Amino acid sequence: MTAVQQLTLNLPAWINDVVDWQKVYQSDDEKMALAVELSKQNVLRGTGGPFGSAIFDCTSGKLVSVGVNRVMPLHNSTAHGEMMAIMLAEQSIQSFSLSADGVKRELFTSCEPCAMCLGGTLWSGVKRLVCAATAEDARAIGFDEGPVYDSSYDYLTNAGVEVVKLVQRDAANNVLQSYVNGGGAIYNG
């Protein structure tokens, strides 16, 4: 008899100490502050790479899910912050599309998405993507963000996803810098 393979992806235990699940987030700055804080705590606590994400209901400001980079601790190259947040949000609403129920949702991420996460953003059904640090900031410390071009963002926009960049870039870039200065592993450079 062949064993059934199973995969479990989880966020670090400290998430609930940092995240206020009842808070209503009013502004892009408040929402991005959470994504950046998640990335910072992930570095400080040694539980993954310097990337954090959060998904919100666009209308109510209610937090749907969060994600942090878990590539190294979970031995999984796809366990990026955005992908973790997307998977957990879809699980939470019980749908493979974050817009299937007619609710507009938005993804806030501490750094512009890599090629995989940009594709995941499109397929997730979010209607808004808000980014802090740039792909160039990630490349500057050694991460390979893959084939992401201006036309990639044009594709998202044409598919109905609003894209906003550079919200709290300095704070997010500081996390990237502290990660590399602290000896954080660049696992795909």
Side-chain angles (χ1 to χ4, degrees), residues 9 11-12 14-15 18-19 28-56 65-89 106-124 126 128-157 161-189:
L9 299 175
L11 294 176
W14 57 260
I15 290 288
V18 172
V19 175
D28 283 0
D29 276 332
E30 276 188 295
K31 294 169 186 175
M32 187 58 78
L34 176 60
V36 172
E37 184 63 22
L38 289 165
S39 70
K40 180 180 176 183
Q41 291 298 320
N42 209 36
V43 170
L44 291 174
R45 296 170 188 251
T47 51
F51 305 101
S53 298
I55 294 177
F56 301 89
S65 71
V66 299
V68 293
N69 180 283
R70 302 285 285 152
V71 168
M72 292 186 59
L74 297 179
H75 312 289
N76 187 317
S77 64
T78 66
H80 290 203
E82 298 95 331
M83 299 306 291
M84 296 291 290
I86 289 167
M87 288 185 284
L88 289 166
E106 56 193 349
L107 169 62
F108 280 70
T109 184
S110 66
C111 188
E112 289 177 351
C114 70
M116 173 184 67
C117 294
L118 204 59
T121 298
L122 172 67
W123 297 316
S124 73
V126 296
R128 192 163 183 256
L129 169 65
V130 183
C131 312
T134 66
E136 290 76 27
D137 296 333
R139 283 187 194 98
I141 67 167
F143 282 102
D144 180 355
E145 297 300 279
V148 177
Y149 310 103
D150 290 341
S151 60
S152 305
Y153 285 98
D154 292 342
Y155 193 98
L156 276 182
T157 301
V161 178
E162 178 188 355
V163 177
V164 179
K165 296 183 180 183
L166 304 176
V167 175
Q168 297 192 19
R169 177 189 182 186
D170 291 343
N173 192 35
N174 286 341
V175 175
L176 296 173
Q177 296 303 315
S178 69
Y179 179 76
V180 74
N181 292 338
I186 306 299
Y187 44 81
N188 73 344

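The chain is numbered in sequence order, starting from 1. This structure is a prediction, so every number in the text was calculated from the model and none was measured.
For the residue pair Leu74 and Leu9, the shortest heavy atom distance occurs at CD1-CD2, 3.8 Å. Nearest approach of Gln168 to Val36, heavy atoms of both residues: OE1-CG2, 4.4 Å. The two residues Pro50 and Val175 have their closest heavy-atom pair at CB-CG1, 4.0 Å. Ala138 and Cys111 make their closest contact through CB-SG, 3.9 Å (heavy atoms, listed as atom of the first residue, atom of the second, distance).
For Asp28, the side chain to side chain donor-acceptor pair (under 3.5 Å) partners are Arg128, not counting sequence neighbours. A search for ring pair (Phe, Tyr, Trp, His ring centres under 6.0 Å) contacts involving Phe56 returns Tyr25, Phe108, not counting sequence neighbours.
Checking side-chain atoms of Tyr179 against main-chain N and O of Ala185 turns up a donor-acceptor pair under 3.5 Å. Although no hydrogens or angles enter the test, the distance criterion places a donor-acceptor pair under 3.5 Å between the side chain of Asp137 and the main chain of Thr134. Under a 3.5 Å cut-off, the side chain of Asn42 and the backbone N or O of Leu38 do not form any donor-acceptor pair.
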- Message: Would Gln177 and Ile141 count as a side-chain contact (heavy atoms from CB on, under 4.5 Å) here? Give the steps.
- Response: CA-CA 7 Å; Gln177 296 303 315; Ile141 67 167; 3.5 Å; yes
- Task: Please report the C-alpha distance between Val180 and Leu176 in whole Å, then the side-chain angles of each, then the deciding distance to 0.1 Å, and finally whether the side-chain contact (heavy atoms from CB on, under 4.5 Å) criterion is met.
- Result: CA-CA 6 Å; Val180 74; Leu176 296 173; over 6 Å; no
- Begin with the C-alpha distance, continue with both residues' side-chain angles, and end with the deciding distance and a verdict on side-chain contact (heavy atoms from CB on, under 4.5 Å) for Val66 and Val18. CA-CA 11 Å; Val66 299; Val18 172; over 6 Å; no
- Task: Step by step, work out the side-chain contact (heavy atoms from CB on, under 4.5 Å) result for Val68 and Met84.
- Result: CA-CA 7 Å; Val68 293; Met84 296 291 290; over 6 Å; no
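In summary, Lys165 and Glu112 engage in a salt bridge, as defined by a charged side-chain N under 4.0 Å from a carboxylate O.
For the side chain to side chain contact (heavy atoms under 4.5 Å, CB included) with Leu129, the lone residue among Val164, Thr109, Leu122 that qualifies is Thr109. Each of Cys117, Ser110, Ser124, Cys114 was checked for a side chain to side chain contact (heavy atoms under 4.5 Å, CB included) with Glu82, and the lone residue meeting it is Cys117.
Using a 4.5 Å heavy-atom cutoff, the side chains of Tyr153 and Pro113 are in contact.
Within a 6.0 Å sphere centred on NZ of Lys40, other residues, nucleotides and ligands contribute 12 heavy atoms or fewer.
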